[in-house]
Amino acid sequence: MTRTKTLASGRQYLAIPGPSVIPDAVLQAMHRPAPNIYAGELVDMTHSVVRDLRRVARTSQHVAIYIANGHGAWEAALSNVIAPGDCVLVPATGRFAHGWADQCRGLGAEAELIDFGRAGTYDLARVGEALKGDTAHRFKAVLVTHVDTSSSVRNDIAAMRALLDEVGHPALLMVDCIASLGCDVFEMDAWGVDVMVSACQKGLMVPPGVAFVWFSDKAAEARAKMPLVSRYWDWAPRANPTEYYQHFGGTAPTHHIFGLRAALDLILAEGIEQVWARHAHLARAVWAACEAWGQQGPFRLNIADPALRSHAVTAARVGAPQGTALRDWVAGQIGLTLGIGLGMAAPDDPAWHGFFRLGHMGHVNGQMIMGMLGGIEAGMSAVGIAHGKGALEAAATVLSEG
Ligand SMILES: *Cc1c(COP(=O)(O)O)cnc(C)c1O
């Protein structure tokens with residue numbers, strides 16, 4: 001039997017935009033026998049987790065935990081404030097807004113979507129027109145995605161709040177931070193966000209399985225006025241339980257709580273501002289390499305304006321079928337898994353193979369980023385994608401800057 005030569009043995013690097021790299025401290029915290037779910041360590045730990053979840057979201061208001069992925073958090077949030085027949089406004093800057101809007105429709109609500117394409121942020125003037133035109137205040141909420149993980153655009157949430165205030169529209173501001181929490185600067189209270197959803201497997205570095213909904217006092221009032229709320233999704237007993245099991249609507253996600261505690265410890269030991277600064281600095285190194293590659297040949301970043309780019313995920317294209325060839329090569333030859341392109345072309349469209357994404361969220365540091373970039377450079381040479389020179393030097397220069 002002949003074996004194909006490969007350089008892939010060694011620690012694998014999953015550089016996709018979620019789930020992200022799991023820190024050893026998180027894995028070790030989860031590797032333990034089943035705990036009592038009625039008293040003791042787990043119960044105390046849950047209180048500290050709730051406190052620290054507020055801290056990372058920069059809020060002194062409320063948080064509810066769900067055994068769910070991000071899609072579950074979307075539905076949980078909607079179920080508490082959007083009733084059948086209600087209407088929401090959805091400015092879309094990529095694929096995820098469409099998914100959340102579609103969930104509204106599945107719950108019998110109306111979602112008015114303004115599509116701003118897949119390569120930039122929303123036009124606030126157009127959103128403002130829609131809000132001003134809604135003199136009857138039919139829009140009960142505006143649903144926005146902080147970072148759209150398919151396009152890798154980062155939207156300005158504080159500007160959306162300012163727009164709502166300027167127009168004087170009472171809609172709730174609901175934000176999807178699934179790809180940005182613990183990566184990009186986010187200030188729930190300072191930015192006037194009413195509802196924020198996230199999940200544990202991206203910036204929070206825990207295997208998929210728990211998701212969160214933070215909500216403001218104003219959103220709690222909206223919840224209180226709902227004709228009915230699904231018992232399971234109801235955030236009120238979860239955020240303010242009288243019995244421990246109500247935190248989770250049933251059995252606690254025991255090992256996820258241990259893992260989450262370890263992850264929050266890592267974040268708080270580093271400091272949330274420093275976590276944001278690390279992501280921003282590493283992202284600049286990624287962009288520097290990508291811009292150098294793009295000097296010659298087909299490599300392009302999806303978001304042209306650096307001010308609009310996510311610090312946690314980067315969407316790029318090299319043209320079909322080379323994107324898939326590159327991903328296959330780095331996975332097979334050097335142990336690096338890159339993300340597929342999402343929402344840029346249908347999976348049965350040959351153009352789908354031209355897109356890919358780099359995940360640089362959570363437990364990543366400078367040497368991992370250099371390894372990822374070096375692997376991509378080797379892959380482009382190996383599969384024959386023309387590219388500009390000096391990318392690794394450009395990235396290293398960015399890392400060397402204070
Ligand atoms: C990952 C992601 C989701 C979906 O989360 P799942 O855990 O896959 O359900 C939704 N929105 C954004 C912005 C995401 O990055």
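No hydrogens, no waters, no symmetry mates; every other heavy atom, side chains included, goes into these values. For ligands, and for the atoms within them, numbers begin at 1 and follow the listed sequence.
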Quick one: look at W100 and ligand 1, take heavy-atom pairs under 4.0 Å, and tell me if it's side chain, backbone, both or neither.
neither
Does A199, backbone or side chain, put an N or O under 3.5 Å from an N or O of ligand 1?
no
Is there at least one pair of N or O atoms, one from T149 and one from ligand 1, spaced under 3.5 Å apart?
yes
Atoms of ligand 1, numbered as shown, that sit under 4.0 Å from any heavy atom of Q201
6 (P), 7 (O)
Of all the non-hydrogen atoms in the protein, which one sits nearest to atom 14 (C) of ligand 1, and at what distance?
K202 NZ, 3.0 Å
Residues D234 and R231 bridged, charged N to O under 4.0 Å:
no
Ligand 1 atoms nearer than 4.0 angstrom to some heavy atom of G70 are 5 (O), 6 (P), 7 (O), 9 (O)
If you measure from each heavy atom of D148 to ligand 1, is any distance below 4.0 Å?
no
Between W74 and H71 (judged by ring centroids, cut-off 6.0 Å), do the two rings come close enough to count as a pair?
yes
Give a yes-or-no answer on whether the side chains of T121 and N155 include a donor-acceptor pair shorter than 3.5 Å.
yes
Atom 3 (C) of ligand 1: closest protein heavy atom, distance to 0.1 Å, is F96 CE2, 3.4 Å
Are a donor atom and an acceptor atom from the side chains of N69 and Q201 found within less than 3.5 Å of each other?
no
Which bit of H146 is near ligand 1, meaning a heavy atom under 4.0 Å away: side chain, backbone, both or neither?
neither
Between W191 and F186, is the gap from one ring center to the other below 6.0 Å?
yes
More than 12 heavy atoms of other residues, nucleotides or ligands under 6.0 Å from CZ of R95: is that the case?
no
H146 and D184 side chains, donor-acceptor separation under 3.5 Å
no
Check for me whether V147 has a heavy atom closer than 4.0 Å to any atom of ligand 1.
yes
Check each heavy atom of D176 against ligand 1 and say whether those closer than 4.0 Å belong to the side chain, the backbone, both or neither.
side chain
Note: ligand 1 atoms sitting under 4.0 Å from heavy atoms of T145 are 13 (C)
If you measure only the distance, is there a donor-acceptor pair under 3.5 Å linking the side chains of R154 and S180?
no
Face-on cation placement of R223 at F215 ring, 6.0 Å and 45° thresholds
no
What protein heavy atom lies closest to atom 9 (O) of ligand 1? Include the residue and the distance to one decimal.
H71 ND1, 2.5 Å
